[in-house]
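What follows is a short report on a single structure.
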Amino acid sequence: MERRALVITGPTCTGKTELAIKIANRTGGEIISADSRQLYRYLDIGTAKPSREELRKAKHHFIDHLNPDEDYNVSRFENESSEVLNNLFPEGRLPIIAGGSGLYIKAVTEGIFDEADTDNEYREYLHKIRTNQGNEGLYELLKAGDPAAAEKMLPQNWKRVMRALEVFKLTGKSILWFHEKHKPEKEINFVKIGLTIERELLYKLIENRVDKMIETGLINEVESILSSGWKKELNSLNTVGYKEIISFLEGEISRERAVELIKRNTRRFAKRQMTWFRRDEKIIWKEVDQMTDFDKLAEEIISEYF
RNA sequence: GGGCAGGCGCCAAAGUAGGAGAGUUGGGGCGGACUGUAAAUCCGUUGGCUAAGCCUUAGGGGGUUCGAUUCCCUCCCUGCCCA
């Protein structure tokens, strides 16, 4: 029997959550959130996490999955989400992968090479090198070990340089070798739906949403996360909406400036998401706007593909 | 109505005691890269064209000059002060 799953993606603020829930309700499906920030507990308002009510309407996986200080990565997401997928198929439930983290979507739908895990000790060592010798120091190291990979990256992009070094140290092989070798291994037919909104309107919606986040207590949320003892340096808090409020709370910028920055950074984020998703030729794009009837859209998608 | 200070590319400014301005700084925008931190990390671009070159350009118009963004005249606009 063919195994089919639905993917709903697209930039932030386009209505993915709403559409996913409507489709889940009509099909008895379950939602697999592919959102690298909604994974974290307590980051609710700033990540536009589905509300309690919405969560009650449909079964969601990977929402409130982690504490803010837990390490996570795409690979873990790939493993855990495949497990969920494998449980859903025998039950005849439609998996609805919904979210805007492009790399996570890619991992679920195409898999990810898993021959090289992370090596925290080595990363620490690399961080030290970066502190002492800068990006160039790291880059030189990569050039020495894996010149082909170095060729493909810039010294400034130290995170990618670091990962390439890590892969090389762990396996003795170039990260490029794994990329080339890896082939999509999923025997699942993913129908990918992408939601878009005309740029100008999208920006307006983003700005409105940010204002609403502030009104509904984003600042309190951040304060209470920090006062619970979570450190501001955590990866989970290096997130649009959180880092800006943190620097407001620390007196570095005004409240107005923080709001402005959240808006700008969210706009930029949405743009990066578009850049990522545009490359994916399998995505079937649905343009929406404020008039869009999501019930109808849900029906449409179901009758067309499922 | 009078006085003063301003008006430069999408926006906000810096500068020029006349001489390398399609150029400076910041912002915003746009495009792109990205398989283990991805809401992360990073790159490019932002007057036009027949594109290693050429053209147009500093509020509008005029003038002085070999040469004007810079000096002069005039008009318009903005801000502040006085009526």
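These figures come from a predicted structure and were not determined experimentally. Convention: sequence-line order gives letters A, B, ...; per-chain numbering from 1. No hydrogens, no waters, no symmetry mates; every other heavy atom, side chains included, goes into these values.
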Please output the side-chain donor-acceptor pairs of residues 209-217 of chain A that fall under 3.5 Å, not counting sequence neighbours, one pair per line with the distance.
unit_1: Arg209(A); atom_1: NH2; unit_2: Thr12(A); atom_2: OG1; d: 2.6
unit_1: Asp211(A); atom_1: OD1; unit_2: Lys263(A); atom_2: NZ; d: 3.0
unit_1: Asp211(A); atom_1: OD2; unit_2: Lys263(A); atom_2: NZ; d: 3.4
unit_1: Thr216(A); atom_1: OG1; unit_2: Lys212(A); atom_2: O; d: 2.8
unit_1: Thr216(A); atom_1: OG1; unit_2: Met213(A); atom_2: O; d: 3.3

For residues 144-155 of chain A, dump all side-chain donor-acceptor pairs below 3.5 Å to protein atoms at least two apart in sequence or in another chain.
unit_1: Asp146(A); atom_1: OD1; unit_2: Ala149(A); atom_2: N; d: 3.1
unit_1: Asp146(A); atom_1: OD1; unit_2: Ser174(A); atom_2: OG; d: 3.2
unit_1: Asp146(A); atom_1: OD2; unit_2: Ser174(A); atom_2: OG; d: 2.8

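Separating the CH2 atom of Trp276(A) from the C1' atom of U41(B) is a distance of 12 Å, rounded to the nearest angstrom.
Legend: ring pair (Phe, Tyr, Trp, His ring centres under 6.0 Å) pairs involving residues 245-303 of chain A, not counting sequence neighbours: none detected. Applying the side-chain hydrogen bond (donor to acceptor under 3.5 Å, both in side chains) definition to pairs two or more places apart or across chains, those involving residues 224-234 of chain A are Lys232(A)-Glu250(A). For residues 141-195 of chain A, the set of pairs meeting the ring pair (Phe, Tyr, Trp, His ring centres under 6.0 Å) definition, not counting sequence neighbours, comprises Phe113(A)-Phe178(A), Phe113(A)-His179(A), His127(A)-Trp158(A). Residue pairs meeting the side-chain hydrogen bond (donor to acceptor under 3.5 Å, both in side chains) criterion with at least one partner in residues 297-306 of chain A, sequence neighbours excluded, are Arg26(A)-Glu299(A).
A distance of about 15 Å separates the C1' atoms of C76(B) and G62(B), rounded to the whole Å.
Listed by residue number, the members of residues 192-216 of chain A with any heavy atom below 4.0 angstrom from RNA chain B are Arg199(A), Tyr203(A). The stretch residues 220-239 of chain A comes close to RNA chain B through Asn235(A), Asn238(A), Thr239(A), each having a heavy atom under 4.0 Å from the strand. Contacts with RNA chain B (heavy atom under 4.0 Å) in residues 69-85 of chain A: Tyr72(A), Asn73(A), Val74(A), Ser75(A), listed by number. Of the residues in residues 133-172 of chain A, Leu154(A), Gln156(A), Asn157(A), Trp158(A), Lys159(A), Arg160(A), Arg163(A), Glu166(A) come within less than 4.0 Å of RNA chain B through at least one heavy atom, sorted by number.
Within the 4.0 angstrom heavy-atom criterion, base atoms lie near Ala116(A). Here Gly46(A) lies in heavy-atom contact (under 4.0 Å) with a base. In this structure, Asn265(A) reaches neither bases nor backbone, as no heavy-atom distance under 4.0 Å exists between it and the strands shown. Thr12(A) comes within contact range of no nucleotide atom at all, as no heavy-atom separation falls under 4.0 Å.
Taking 3.5 Å as the limit, the base of G29(B) and the side chain of Lys271(A) contain no donor-acceptor pair of atoms between them.
Look at His182(A) and the base of U35(B); the rings do not stack under the cut-offs of 5.5 Å between centres and 30° between planes.
In this structure, CG on Leu261(A) lies 7.0 Å from OG on Ser247(A), to the nearest 0.5 angstrom.
Map Thr275(A) and Ser101(A) each onto its nearest nucleotide of RNA chain B; the residue landing nearer the 5' end is Thr275(A).
The ring-ring contact (aromatic ring centres under 6.0 Å, His included) check on Tyr104(A) picks up Phe77(A), with sequence neighbours excluded.
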**OP:** Under 3.5 Å for both distances, Watson-Crick or G-U wobble, that's the pair rule; now give the dot-bracket for RNA chain B, with | marking pairs to another strand and [ ] for crossing ones.
**Re:** (((((((..((((.....[....))))((((((.......))))))(((...)))...(((((..]....)))))))))))).

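For Glu124(A), the CD atom counts as loosely surrounded, since its 6.0 Å shell holds 12 or fewer non-hydrogen atoms of other residues, nucleotides or ligands.
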